[in-house]
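Fair warning: this is a prediction, and the values are worked out from it, not measured in the lab. Because only heavy atoms are used, hydrogens play no part in the values below, and waters and symmetry mates are left out as well, while side chains stay in.
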Amino acid sequence: MLPIRLAVLTSHPIQYQAPLFRELSHRVELHVFYSHKATPEQQASAGFGTAFDWDVDLLSGYNSSFLKNISKKPGTNTFGGCDTPEIEDRLKSAGFDALLIMGWHLKSYIQGLFAAKRLGIPVMVRGDSQLETSRSLAKRILKFLLYPWLLSLFDAALYVGQRSRSYYLRYHYP
């Protein structure tokens, strides 16, 4: 039996994801696509307070590549900060069996979702959103209206705990 060919689309190398990707690469034929290569200054603005590069290797032990981010203001803190239209060509050329997207809050993730759908590739989403995050009334209404439709586009949703599961259920994910 041939191994499953799994593509993962995520924002940037993250220290707690690297061990997961290394382990997955022993079980499936894995390729991780990164939407953004964060600068030391962007790492600081993510809440660390000081500019730095990770002192551990986040890319070894599994196949990965950086997509070309054509955003005018590259970064992971706004929806448009990761704009990677080449994801469709990359998915198509490698013949993946499934795509795992690590959220839906970036343009790159939505591009990946619709590209996979056009190619007939099943799409899973993994998110750690939870309902206790405070949001404005306008944002809560928008999510209430939009998220049930958006989440219905995913073939599977992977939650990281009960709060994450409750989030999916709140937006009527089956």
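- Taken together through direct or relayed side-chain contacts under 4.5 Å among Ile, Leu, Val, Met, Phe, Trp and Tyr, Leu131 and Trp104 form part of one hydrophobic cluster.
- Without hydrogens or angle criteria, Ser71 side chain to Gly80 main chain gives a donor-acceptor distance under 3.5 Å.
- Although no hydrogens or angles enter the test, the distance criterion places a donor-acceptor pair under 3.5 Å between the side chain of Arg22 and the main chain of Ser60.
- Distance alone, capped at 3.5 Å, places no donor-acceptor pair between the Tyr159 side chain and the Ser166 backbone.
- Between Phe33 and Phe96, the two ring planes are perpendicular [angle over 60°; tilted spans 30° to 60°].
- Taking CZ of Arg170 as the reference point, atom CZ of Phe144 lies at 5.5 Å (rounded to 0.5 Å).
- The hydrophobic clustering, which links ILVMFWY residues whose side-chain heavy atoms are closer than 4.5 Å, places Val8 and Phe114 together.
- To the nearest 0.5 angstrom, Phe154 atom CZ is 8.5 Å from Tyr173 atom OH.
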### Task
Test His31 against Ser65 for side chain to side chain donor-acceptor pair (under 3.5 Å), laying out the working first.
CA-CA 8 Å; His31 190 95; Ser65 58; 2.8 Å; yes
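- Figure legend: Lys37 and Phe66 shown as a cation-pi pair, the cationic atom lying under 6.0 angstrom from the six-membered ring centre and within 45 degrees of its axis.
- When all heavy atoms of Asn63 and Leu30 are compared, the closest pair comes out as CB-O, 3.4 Å.
- With respect to Lys73 and Asp83, no salt bridge is recorded, no charged nitrogen being found less than 4.0 Å from a carboxylate O.
- The structure places OH of Tyr167 at 7.5 Å from CG of Leu151, a figure rounded to the nearest 0.5 Å.
- Judged purely by atom type and a 3.5 angstrom limit, Thr76 has no side-chain atom pairing as donor or acceptor with the backbone of Cys82.
- For the atom pair Leu67 CG and Ser108 OG, the distance stands at 6.0 Å (nearest 0.5 Å).
- Between the side chain of Asn69 and the backbone N or O of Gly81 there is at least one donor-acceptor pair closer than 3.5 Å.
- Looking at Ser164 and Gln130, their side chains never come closer than 4.5 Å, going by heavy atoms from C-beta outward.
- Of all heavy-atom pairs spanning Leu158 and Tyr168, the tightest one is O-OH, 3.7 Å.
- Looking at every heavy atom in both residues, His105 comes nearest to Phe79 through O-CD1, 3.4 Å.
- By the rule that hydrophobic residues join a cluster once side-chain heavy atoms approach within less than 4.5 Å of another member, Tyr34 and Ile70 end up as members of separate clusters.
- Cluster membership for Val160 and Leu20, using ILVMFWY side-chain heavy atoms within less than 4.5 angstrom, is not shared.
- To the nearest 0.5 Å, the span separating CG on Leu113 from CD1 on Ile121 amounts to 11.5 Å.
- Looking only at distances, a side-chain donor or acceptor of Gln111 sits under 3.5 Å from a matching main-chain atom of Thr84.
- Taken together through direct or relayed side-chain contacts under 4.5 Å among Ile, Leu, Val, Met, Phe, Trp and Tyr, Leu119 and Val125 form part of one hydrophobic cluster.
- Between the CG atom of Leu145 and the CG atom of Leu150 there is a distance of 13.0 Å, given to the nearest 0.5 Å.
- Across Gly112 and Leu91, no two heavy atoms sit closer than the pair O-CD1, 4.2 Å.
- Here Glu23 pairs with Arg27 in a salt bridge; the nearest charged N to carboxylate O distance falls below 4.0 Å.
- With no hydrogens or angles considered, a side-chain donor-acceptor pair links Thr10 and Gln17 at under 3.5 Å.
- Looking at His12 and Ser35, their side chains never bring a donor and an acceptor atom within 3.5 Å of each other.
- Across all non-hydrogen atoms, the minimal contact from Ala115 to Ile87 is CB-CG2, 4.5 Å.
- Between Arg126 and Leu100 there is a side-chain heavy-atom pair separated by less than 4.5 Å.
- Side-chain contact check for Lys143 versus Arg135: some heavy-atom pair is nearer than 4.5 Å.
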